[in-house]
Engineer: 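First the structure, which I've put down as structure tokens, then a few questions once you've had a look.
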Amino acid sequence: MKINMPENANRIIRTLQEAGYEAYIVGGCVRDAVLNKEPDDWDITTSAKPMEVKKLFDRTIDTGLQHGTVTVMFGKEGYEVTTYRVDGKYEDHRRPNSVTFTSNLVEDMKRRDFTINAMAYNDAEGIVDHFHGVEDLESHVIRCVGNPSERFDEDALRILRALRFSAQLDFEIDENTKEAIRNQAEFLKDISAERINVELTKLLMSDHPERLITAYELGVTRIILPEFDAMMETPQVNRHHAYNVGEHTVKVIKAVPKDKALRWAALLHDVAKPVTQTNDGEWDHFYGHNEKGVDMAAGVLRRLKFDNATIDRVKRLVYWHDYGMGQVPKIKAFRKALNKMGKDLFEDYTYIKYADIMAQSNYHREDKLNNLEVLKEYYKEIVDKEQCVTIKELAITGRDLIDLGMKPGPMLGATLNMLLDKVLEEPELNDKEKLIGIVKDNMKN
Ligand code: ATP
Ligand code: MG
């Protein structure tokens, strides 16, 4: 098999070989190339020590010398070149901080997590595949290199990586590997929130976020996202629903575009259902779950060390996800809602709403979809007619009010809000003369 790698990657390999060293592309890029996917980056592994690598190339960056990694630059393009290594002692189920270099490629392959990630390639030798990675790629299996229990004991992040790759590639996790995950999921307690965030986000942003249910079944979410376990254990006896909260949630995640805030909002939109559930003797209800969900979602995201912008956006989407169903609102009411929601949220709201409707039972589905269409038409009309929905869009400013003789202070803001309320009711009023007229009338009284 021939892999077409970028010319510069090949140049690095040839330069190293001509200097008497071994060199291969390795890991994710070999896996992706065999799968006919365009790799994100091309990593190189070599028997040369970091200082020897640096001597051979004009421009290098010391990316992680202690781990053996040098980045070789060609223009803006960088290639990570890492010396064959074996990992030192592991502590607390986390990656070791010391490594030893080796001159043996197979030793380097042994430390890698899964068979599909433990392949190397160069043009002269073709694929080097000691652990049958190609076979596992063909049969769609994620399998640890070596003994799964030992490998997860060394580094528990691999548990999440297994689930994440299974979601990205739509592969099954091998039975022995699964069994070890089940037994050792607890080790994830030692893994940093940042690394859990990265893997969970990749899983959610994949083509198969429903693998989150595998994570639940293997006892993994119990450790890193117990809120999801509560969702999986909350049935919805209600005509609008056909699935428990967790199953419904996964369908919503899968149906929204691959955007970080959107996929997390989908995961967390019903996070408060388990704690707001009531039953009237016949049906389950979840009154106020969106409001309560805002705090719970923020709690999860803060725990996982998310940035404030993402937390803020997810909170707003959780809050608004239930808006607009039941009786379809009038456009006046919608303008007021849009003012509170923020125009920047509306498009994402429509994605969540559509996915949410489609992941419910088909009870009143046509009406719900129709409501959503009406709201989208309202929005289009508001944008097309440039109707005002924020203070900023008023045809009058605080400056104008001061020119009319008002004193700077809280009255200014209150007046602008009063004008906005009127304009939200009656968009035609958003005209400087008309608004000045209203202000003058008000000042007389
Ligand atoms: P991606 O497409 O997400 O980048 P990748 O396989 O390239 O996937 P990286 O995290 O970039 O994943 O790691 C590169 C390679 O390093 C992997 O293919 C694997 O061989 C090895 N590796 C990464 N993390 C671990 C780990 N925790 N334990 C063992 N080997 C690992
Ligand atoms: Mg990679």
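Whatever order the structure lists ligands and atoms in, that order sets their numbers, starting from 1.
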Engineer: Side-chain contact, heavy-atom cut-off 4.5 Å: L203 with L212?
Structural biologist: yes

Engineer: Protein non-hydrogen atoms only, distance under 4.0 Å: does atom 4 (O) of ligand 1 have such a neighbour?
Structural biologist: no

Engineer: Any idea which protein heavy atom is nearest atom 2 (O) of ligand 1, and the distance to it?
Structural biologist: R31 NH2, 3.1 Å

Engineer: Less than 4.0 Å is my threshold; does some heavy atom of Q168 fall inside it relative to ligand 1?
Structural biologist: no

Engineer: Okay, side chain of R263, backbone of S206: is any donor-acceptor separation there less than 3.5 Å?
Structural biologist: yes

Engineer: Where is the nearest protein heavy atom to atom 13 (O) of ligand 1: which residue, which atom, and how far?
Structural biologist: R161 NH2, 3.9 Å

Engineer: Considering only protein heavy atoms, which is closest to atom 19 (C) of ligand 1, and at what distance to one decimal place?
Structural biologist: D113 OD1, 3.6 Å

Engineer: Just verifying a value: how many Å separate N238 CG and D280 CG, rounded to the nearest 0.5 Å?
Structural biologist: 9.0 Å

Engineer: Report yes or no: does a heavy atom of R151 sit under 4.0 Å from some atom of ligand 1?
Structural biologist: no

Engineer: Nearest to atom 14 (C) of ligand 1, what protein heavy atom do you find, and at what distance?
Structural biologist: D43 OD2, 4.3 Å

Engineer: If you measure from the Lys or Arg side-chain nitrogens to the Asp or Glu carboxylate oxygens, is any gap between E227 and R303 under 4.0 Å?
Structural biologist: yes

Engineer: Distance below 4.0 Å between atom 11 (O) of ligand 1 and any protein heavy atom?
Structural biologist: no

Engineer: Under the side chain to side chain contact (heavy atoms under 4.5 Å, CB included) test against E77, which residue among V72, N8, D41 passes?
Structural biologist: N8

Engineer: Backbone, side chain, both or neither: what part of N117 comes under 4.0 angstrom of ligand 1, heavy atoms only?
Structural biologist: both

Engineer: Side chains of K368 and H240: donor-acceptor distance under 3.5 Å anywhere?
Structural biologist: yes

Engineer: Could you see which bit of R164 sits under 4.0 Å from ligand 1, with heavy atoms only: side chain, backbone, both or neither?
Structural biologist: side chain

Engineer: Flag this pair as yes if the NZ/CZ of K251 is under 6.0 angstrom from the six-membered ring centre of Y243 and inside a 45 degree cone about the axis; otherwise no.
Structural biologist: yes

Engineer: Around K37, counting heavy atoms of other residues, nucleotides and ligands shown, do more than 12 lie under 6.0 Å from its NZ?
Structural biologist: yes

Engineer: Under 4.0 Å, counting heavy atoms only: does F114 come that close to any atom of ligand 1?
Structural biologist: no

Engineer: Record the part of F152 in heavy-atom contact with ligand 1 below 4.0 Å; permitted values are side chain, backbone, both and neither.
Structural biologist: neither

Engineer: Give the residue, atom name and distance (to 0.1 Å) of the protein heavy atom nearest atom 16 (O) of ligand 1.
Structural biologist: R112 NH1, 3.5 Å

Engineer: Under 4.0 angstrom from ligand 1, any heavy atom of L157?
Structural biologist: no

